[in-house]
Structures are given as structure tokens and as C-alpha cells.
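Report on the following structure.
Just follow the structure's listing: the first ligand is 1, and inside any ligand the first atom is 1.
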Amino acid sequence: MNQKKHKDASYQPSCNVAILGAVGVGKSALVVKYLSKRFITEYDPKHEGTYNRQEVINNQEITIRVMDTFDEEECTNSERYLDWADAYVVVYSITDRKSLASSQAYLDIVSHTQCPVTLVGNKADLEFDRNVARQSGERTAKEYSCTSFFEVSACDQYSSVAQVFKSVAEASINLKNIRIQEDTERRHISPSFRIFNKSFKNLIFN
Ligand SMILES: Nc1nc2c(ncn2[C@@H]2O[C@H](COP(=O)(O)OP(=O)(O)OP(=O)(O)O)[C@@H](O)[C@H]2O)c(=O)[nH]1
């Protein structure tokens, strides 16, 4: 979440979401679906990019920026998203057991960031080819204290794919609001505490 303070009425909050996971789990397909409501199979799989979408969350308009990542080898050069993201979507394919193990390697990294993380089992339309039980995904999400867990398909309903991005952005906004409130409370408490502290010292040293 952008931490800059803006008094400008035209300021619009934003949330940077990085999508991570093993090669071929459907990260780009999910991003394309979220942005265009379409399932497209022809795109450059090695292309990394960031894309914007406007959403209304908690009656507030926000810009969700999505970074579609590509790692030739698992979890390389993670600084590029760790320095950028406010929230993470970690994806595996329900047809590929190894991709769940890869998602754990990503969860190991991002679970230390204090940012909301959602775990997603993609390709849910390929039920006949399922190799990862829903419970295994749920268990992994719980183990890494993910804010949410979904099974979706990039070629099925748009609404369930959109829900993935919206929920993680909402968690990020809520977290930011809690931090702002805590900060405000600290500022309110500190002046009186300073006065109390001063009077207390005067009492002792006079
Ligand atoms: N049936 C089905 N196929 C999918 C789904 N999502 C993606 N695919 C297919 O899986 C293949 C890989 O999808 P990508 O979106 O390129 O996967 P990726 O994770 O971005 O892969 P890299 O960019 O190479 O890391 C493509 O052939 C997609 O068409 C899905 O939900 N269901």
C-alpha cells in the first residue's frame, strides 16, 4: 500500500499485488482474465509486466496494480517484487503436485513481509486431472497464515478470479487503515504521556 500522505482530493489509494508461482500454473492466464474478463492462451509466457485496474473496495475507489512474474528458476531475484508489493497471490495448479511444493517456497519468502497473502489452486476446471486435494491447499494456506485460499479456473467465471485480487487488496487496505489508526492513537497518547512524564520527573527531582 502506498504510504504517502495525500491531502489532495483527487488522490486515489492503490495496492500493488504480485502474482507468484511455478512455471505454467496459470499466473498470466489469471491476470489476463482479471484484466480483460477473457481466457487467452496466446501471450509471451516469459513477459513480466504490471497492469492497472480500478476497483471499488469498501466504497472507496482504488487502483489495483498487478505484477505478473516469471521465474525461470524458482524464487530467483525476489527483491523485484518484495520491494514493490503490498500483497501477494501465490498460485499452484491443482493438476500438479510439484507446483504446490513450489508455492511453499514462495510462501516461505513472502510470509515474512507482513503483507496479506492469498493461496490459489488454479485450473479447477481440470477436476478429472486433479493431483492436489483441496484440503492440501487449505492446509498449506493455514500453515503459512494466508489471509485467504481459493480454488479457481482462469477459463471459468470472471467473478471468482476477480474475487482473488479484490480480497487480497481489501485485506491490504484494511491492514493499512489499522496501521493509520494505531499511528493516530499513538500521536494522541504521546503528548499527554509526555506531560505526565515531565510532571513525574519534576516530582522526583524537585
Ligand atoms: N484448463 C486450464 N488451463 C489453464 C488455466 N490457466 C492457465 N491454463 C493454461 O496453462 C498454460 C500455462 O498458463 P500460463 O498463464 O502461461 O502460466 P504461467 O504461470 O503464467 O506460466 P509462466 O509465465 O511460464 O510462469 C497455458 O497453456 C494456459 O492456457 C486454467 O485455469 N485451466
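For a threshold of 3.5 Å applied to N or O pairs, the pair formed by Asp68 and ligand 1 contains no separation below that value. Taking distance alone, with nitrogen or oxygen atoms compared against 3.5 Å, Val23 stays at or beyond that limit from ligand 1. Between Lys27 and ligand 1, a contact under 3.5 Å exists for at least one N or O pair. Annotation: Gly26 places an N or O atom under 3.5 Å from an N or O atom of ligand 1; distance criterion only. The shortest N or O to N or O distance between Ala29 and ligand 1 is below 3.5 Å.
Contact check for Val152 versus Asp156: no side-chain heavy atoms found under the 4.5 Å cut-off. Between Thr63 and Arg53, every side-chain heavy-atom pair lies at or beyond the 4.5 Å cut-off.
Under a 4.0 Å criterion applied to the non-hydrogen atoms of Asp125, ligand 1 contributes the atoms 1 (N), 2 (C), 30 (C), 31 (O), 32 (N). Close approach of ligand 1 to Ala22 (heavy-atom distance below 4.0 Å) involves ligand atoms 19 (O). Which parts of ligand 1 touch Ala154 is read off a 4.0 Å heavy-atom cut-off, strictly below it: atoms 6 (N), 30 (C), 31 (O). Remark: ligand 1 atoms within the under-4.0 Å shell around heavy atoms of Leu126 are 1 (N).
Not a single heavy atom of Gly21 sits closer than 4.0 Å to an atom of ligand 1. The closest approach between Ala124 and ligand 1 stays at or above 4.0 Å for every heavy atom of the residue.
Listed by chain and residue number, Phe165 satisfy the ring pair (Phe, Tyr, Trp, His ring centres under 6.0 Å) test with Tyr34 (two or more places apart in sequence, or in another chain).
For Asp125 (side chain) and Ser153 (main-chain N/O), no donor-acceptor pair under 3.5 Å exists by modelled atom type. Side-chain atoms of Ser172 never come within 3.5 Å of backbone atoms of Val168 as a donor-acceptor pair (strictly under, hydrogens ignored). In this structure, Asn16 contributes its side chain and Trp84 its backbone to a donor-acceptor pair below 3.5 Å.
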Counting only pairs under 3.5 Å, give me each side-chain donor-acceptor contact of residues 107-121, with atom names and distances, residues two or more places apart or in other chains.
| residue | atom | partner | partner atom | Å |
| --- | --- | --- | --- | --- |
| Asp108 | OD1 | Tyr144 | OH | 3.2 |
| Ser111 | OG | Leu107 | O | 2.7 |
| His112 | NE2 | Asp108 | O | 3.1 |
| Thr113 | OG1 | Val110 | O | 2.6 |
| Thr113 | OG1 | Cys115 | N | 3.2 |
| Thr118 | OG1 | Ser148 | O | 3.0 |
| Thr118 | OG1 | Ser148 | OG | 2.7 |

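Using cut-offs of 30° and 60° for the angle between ring planes, the Tyr81 and Tyr106 rings count as tilted.
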